[in-house]
Q: 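Structure provided below as structure tokens; questions to follow.
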Amino acid sequence: MTRYRHPAGAPGRVVLGGVAFIDGVSADIDPGPATRQLFEATGVTPIPADPAAEEPAPADDTEKPARSRRK
């Protein structure tokens, strides 16, 4: 089964084609051909099965030493 993302989905719970999207993301579903057609027409895209592919790269949060200021 696949999760789907609605790029223009409103915050909260929205139903599109009988499928609930919470904050723009559906639960794992296996939609039928008519629902897939509706999704394609409205820009709804499948989310990759690999969750690591969705996560952004971690930011470099290491602190750097402050430079000394000379007058």
Q: I'd like to know if the side chain of Arg36 and the backbone of Pro31 have a donor-acceptor N/O pair within less than 3.5 Å.
A: yes
Q: Which residue pairs satisfy the side chain to side chain donor-acceptor pair (under 3.5 Å) criterion with at least one member in residues 19-28, sequence neighbours excluded?
A: none
Q: Any idea which heavy atoms bring Pro7 and Gly43 closest together, and the distance?
A: CD-O, 3.2 Å
Q: With ILVMFWY side chains joined below 4.5 Å, transitively, what does Leu16's cluster contain besides itself?
A: Tyr4, Val19, Phe21, Ile29, Leu38, Phe39, Val44
Q: side-chain contact (heavy atoms from CB on, under 4.5 Å) for Arg3 and Val25? Distances and angles first, verdict last.
A: CA-CA 7 Å; Arg3 293 184 330 152; Val25 178; 4.1 Å; yes
